[in-house]
Number of protein chains: 2
Amino acid sequence: MEEQDIIRALAALAHEIRLRVFRALVVAGPDGMTPGALGEALSVAPTTLSFHLKELTQAGLLLQSRDGRHLIYRADYARMGALMAYLTENCCRGTPCVEAAPSCTNC
Amino acid sequence: MEEQDIIRALAALAHEIRLRVFRALVVAGPDGMTPGALGEALSVAPTTLSFHLKELTQAGLLLQSRDGRHLIYRADYARMGALMAYLTENCCRGTPCVEAAPSCTNC
DNA sequence: TCAATGATTCAAATATCGTTGAATTATGGA
DNA sequence: TCCATAATTCAACGATATTTGAATCATTGA
């Protein structure tokens, strides 16, 4: 991932609705969720949700597919992994960082 | 870290200048850097840099101290670690995530 | 105390982001 | 084909964020 891709992904996640949408989809797993289900679960208007789903998708964090008249959004785990790797790469160059991020070992 | 803290930190990092400033300070380590040195290294005007340093500091990602007439900024590794932990916490709930983020094991 | 240096704050202009309702596209079933 | 459903796109408005030069604050050394 290039610097601009990282910035785009960070910007996409740096919004209350989008962060909640992304987390909901991470929890939902491979089955993903429809905009209708997400909108109901998070109490977000269809138009507003559509705008944010587009932002997340264009940032590369979500994958979209269709099932009949439903669209299905899923978290792109590989992309999230790449973002984590980029941040971790810089985070772990110095000694203090290793001590400060012990949770990384959970992976 | 609360959701709002996470959003603030992500928003702070989601900007070209601020991401470069933060990375420069991570590389600089405990000694930190002055705004003058950062401005020269990254070719950013003093006023603009000051604005972004304030953003990063208020987001909790930087620590500020004074040495004579120089200010010294340092990356807050603990905060960065907490941010990584929050993202990792959600990232690692499902199986796909573990496979997608192998670099986490470098920590 | 005064001048010089390092850095920030302020105010104004520009650019970008976020929300909303109305209109539009896509699909499935009668 | 026609209607209902699921979701998006469009346009306009208001809210935020970013940049810039001028002014201000803090500190050191003469």
Side-chain angles (χ1 to χ4, degrees), chain A residues 3-25 28 31-76, chain B residues 3-25 28 31-76:
Chain A
E3 181 186 58
Q4 287 306 315
D5 296 322
I6 298 295
I7 291 170
R8 193 131 199 223
L10 289 169
L13 292 173
H15 185 281
E16 187 172 30
I17 292 176
R18 291 194 296 261
L19 185 59
R20 289 179 183 175
V21 165
F22 186 77
R23 293 183 70 171
L25 291 176
D31 291 345
M33 291 177 78
T34 64
L38 280 167
E40 179 141 11
L42 304 176
S43 299
V44 178
T47 305
T48 301
L49 180 59
S50 191
F51 170 79
H52 292 301
L53 284 170
K54 187 178 181 183
E55 290 288 306
L56 285 164
T57 302
Q58 290 185 338
L61 292 166
L62 299 187
L63 297 171
Q64 185 197 62
S65 58
R66 182 178 279 277
D67 175 25
R69 72 182 77 177
H70 293 273
L71 285 179
I72 298 178
Y73 286 93
R74 281 169 289 117
D76 187 335
Chain B
E3 182 186 56
Q4 287 306 315
D5 297 321
I6 297 296
I7 290 170
R8 192 129 198 227
L10 289 169
L13 291 173
H15 185 280
E16 187 172 31
I17 291 176
R18 291 194 295 262
L19 185 59
R20 289 180 185 175
V21 164
F22 186 77
R23 293 183 69 171
L25 290 176
D31 291 344
M33 291 177 77
T34 65
L38 280 166
E40 179 141 11
L42 303 176
S43 300
V44 178
T47 305
T48 300
L49 181 59
S50 191
F51 169 80
H52 291 300
L53 285 170
K54 187 177 181 182
E55 290 288 307
L56 285 164
T57 302
Q58 291 184 337
L61 292 166
L62 300 187
L63 297 171
Q64 185 197 62
S65 57
R66 182 177 280 277
D67 176 25
R69 72 181 78 177
H70 294 272
L71 285 180
I72 298 178
Y73 285 93
R74 281 169 289 117
D76 187 335

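Every chain is numbered from 1, with letters handed out A, B, ... down the list of sequences. What you see is a predicted model, and the numbers here were worked out from it, not measured in a lab.
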Distance check: side-chain N/O of [X] vs OP1/OP2 of [N], anything under 4.0 Å?
X	N	result
A:T34	D:dA7	yes
B:H52	D:dT19	yes
A:Y73	D:dA6	no

Just the rounded figure in Å: distance from [atom2] of [N] to [atom1] of [X].
X	N	atom1	atom2	answer
B:M33	C:dG6	CE	P	15 Å
A:L13	C:dC17	CG	C1'	16 Å
A:F51	D:dT9	CZ	P	12 Å
A:I7	D:dA17	CD1	P	17 Å
A:E55	D:dT16	CD	P	17 Å
A:H15	D:dA17	NE2	P	10 Å
B:L56	D:dA17	CG	C1'	14 Å
B:L49	D:dG21	CG	C1'	16 Å

Over all heavy atoms of both residues, which pair between B:P35 and B:L71 is shortest? Give the atoms and the distance, please. CD-O, 3.4 Å

To the nearest 0.5 Å, what is the distance between [atom1] ([X]) and [atom2] ([Y])?
X	Y	atom1	atom2	answer
B:I17	B:L38	CD1	CG	11.5 Å
A:L63	A:I72	CG	CD1	12.0 Å
B:D5	B:L10	CG	CG	11.0 Å

If you assign each of A:H70 and A:T47 to its closest nucleotide in DNA chain D, which residue comes earlier from the 5' end? A:H70

Do A:E3 and B:L19 come within less than 4.5 Å of each other through their side chains, counting heavy atoms only? yes

Any side-chain heavy-atom pair from B:R18 and B:F22 closer than 4.5 angstrom? no

Taking only nitrogen or oxygen atoms into account, show me every contact under 3.5 Å that the protein makes with nucleotides 25-30 of chain C, one pair per line with its distance.
| unit_1 | atom_1 | unit_2 | atom_2 | d |
| --- | --- | --- | --- | --- |
| C:dG28 | O4' | A:R69 | NH2 | 2.9 |

Quick check for you: among D:dT8, C:dT8, D:dT19, whose closest atom lies nearest to any side-chain atom of B:T48? D:dT19

Suppose the criterion is side chain to side chain donor-acceptor pair (under 3.5 Å): which pairs have a residue in residues 56-74 of chain A, not counting sequence neighbours? A:Q64-A:Y73

